[in-house]
Amino acid sequence: MNIVLLAGGVGGAKLAQGLAALLPPEQLTIIVNTGDDFTHLGLPISPDLDTVMYTLAGIANRETGWGRADESWRTISEVTRLGGPDWFRLGDLDLATHLTRAHVLQNGGHLTQATQQLCQHFGVRCPILPMSNQPASTLVETEEGVLPFQTWFVQKRWQPAVKRIILPENAQASRSVILALQKADLILIAPSNPYVSINPILNVYPVRESLADAPGAVVAVTPIIAGEAVKGPAAKMMAEMGIPVTQESIVLFYEGLIDGFVFDERDQGALDHLDIPQLCTQTWMQTDEDRRRLAQEVLTFAQSLL
Ligand code: FO1
């Protein structure tokens with residue numbers, strides 16, 4: 001059974017960890033959003049790739065949801081002292097990841113190869129694939145104008161009201177992504193922000209088409225619980241874009257792509273009027289056991305749709 005997970009940052013990484021605990025590495029492939037990527041202090045930063053990689057390696061910072069555990073901040077503190085930009089907090093250990101990625105990319109390698117090398121040395125055995133090997137940056141149109149993603153998300157703490165998300169026109173999936181989707185028996189959409197974490201992946205040709213035509217089952221897990229995002233700007237930006245913060249909005253967003261939907265017991269009954277197959281369970285993942293349990297329930301549910 002070949003399972004592919006489409007994942008963004010924190011929520012995606014947690015479900016990825018649960019799945020990786022249940023499945024042999026050759027049966028799970030994680031396709032990750034790179035729309036958050038940017039060059040900062042001359043370094044190629046890939047936040048969602050790193051969050052998934054660090055989480056599967058067991059070295060992620062569980063408080064912040066990004067960067068490394070047991071981190072130190074000597075270098076970025078010195079950058080502050082020298083008048084450099086310190087709004088994007090790069091820890092000393094985390095810097096090693098960006099430096100090594102830069103080395104691979106500047107010596108003829110591409111992002112998939114760089115990620116593979118990092119995963120190998122971090123002991124992550126299931127493939128983590130960037131959605132594309134070319135830059136495909138997400139822009140956020142806000143009341144303050146069009147902002148690069150990290151400027152909106154970190155520098156402005158996602159406070160500027162969102163009007164719309166601007167995705168690149170001609171992003172192309174890597175060969176590895178295309179092959180993984182072709183082989184997939186199950187395709188799972190992680191509880192990541194649909195607008196800025198999952199849609200950038202769907203926007204990369206031919207990912208959306210692959211899901212729409214998938215012979216296997218495609219199942220999405222909601223990122224919203226009782227009208228709130230588990231973490232991050234999903235609920236706030238939905239309201240700002242005039243989208244009701246409901247489970248139905250998420251189902252409609254994935255319409256035509258999914259065969260089943262997983263949402264939280266606190267929204268029990270919210271989708272009774274829709275005939276899409278659905279699993280209502282505890283989707284909030286606090287502990288590692290929560291991650292494994294939800295992963296198992298999602299797999300069992302998805303297999304029941306085959
Ligand atoms: N998010 C923040 O809110 N503040 C930061 O200073 C910050 C630094 C950072 C460094 C490396 C990295 O991989 C991620 C980092 N993030 C930070 C998270 C980043 O903004 C991600 O894009 C979000 O997690 C959304 O996916």
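Ligands are counted one by one from 1 in listed order, and the atoms in each one are counted from 1 as well. By convention here, the first residue in the shown sequence is residue 1.
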Location of contacts on Asp48 toward ligand 1, heavy atoms closer than 4.0 Å
side chain
Does any non-hydrogen side-chain atom of Tyr54 lie less than 4.5 Å from one of Phe122?
yes
Please examine the side chains of Asn193 and Pro223, heavy atoms only from C-beta on, and report whether any two atoms are closer than 4.5 Å.
no
Please determine if Glu78 and Arg74 form a salt bridge, counting it only when a charged side-chain N lies under 4.0 Å from a carboxylate O.
no
Measure the shortest side-chain to side-chain distance between Leu56 and Ile30 over non-hydrogen atoms and say whether it is less than 4.5 angstrom.
yes
Report whether Leu95 and Leu118 are members of the same hydrophobic cluster (ILVMFWY, side-chain heavy atoms less than 4.5 Å apart, transitive linking).
no
What residue and heavy atom of the protein are closest to atom 21 (C) of ligand 1, and at what distance?
Pro47 CB, 3.5 Å
Give me the nearest non-hydrogen protein atom to atom 4 (N) of ligand 1 as residue plus atom name, then the distance to 0.1 Å.
Val154 CG1, 3.4 Å
If the plane angle is over 60° it's perpendicular, under 30° parallel, otherwise tilted; pick one for Phe149 and Trp152.
perpendicular
Please confirm whether Phe88 and Phe38 have ring centers closer than 6.0 angstrom.
yes
Starting from atom 5 (C) of ligand 1, what is the nearest protein heavy atom, named by residue and atom, and what distance separates them?
Trp66 CZ2, 3.5 Å
Using a 4.0 Å heavy-atom threshold (strictly under), name the region of Thr64 that reaches ligand 1: side chain, backbone, both or neither.
neither
Any atoms of ligand 1 less than 4.0 Å from a non-hydrogen atom of Asp36? List them with their elements.
22 (O), 25 (C), 26 (O)
Per-atom filter on ligand 1: closer than 4.0 angstrom to a heavy atom of Arg89 are 5 (C), 6 (O), 8 (C), 9 (C), 10 (C)
Just to confirm my output: which protein heavy-atom neighbour is closest to atom 11 (C) of ligand 1, and how far is it?
Asp94 OD2, 3.4 Å
Strictly below 4.0 Å, N to O, side chains only: are Lys156 and Glu144 in salt-bridge contact?
yes
Atom 24 (O) of ligand 1 sits nearest the protein heavy atom Phe153 CE2, 4.2 Å
Near Trp87 (heavy-atom distance under 4.0 Å), the atoms of ligand 1 are 6 (O)
Heavy-atom distances under 4.0 Å are what count here, so tell me which part of Gln150 touches ligand 1: side chain, backbone, both or neither.
side chain
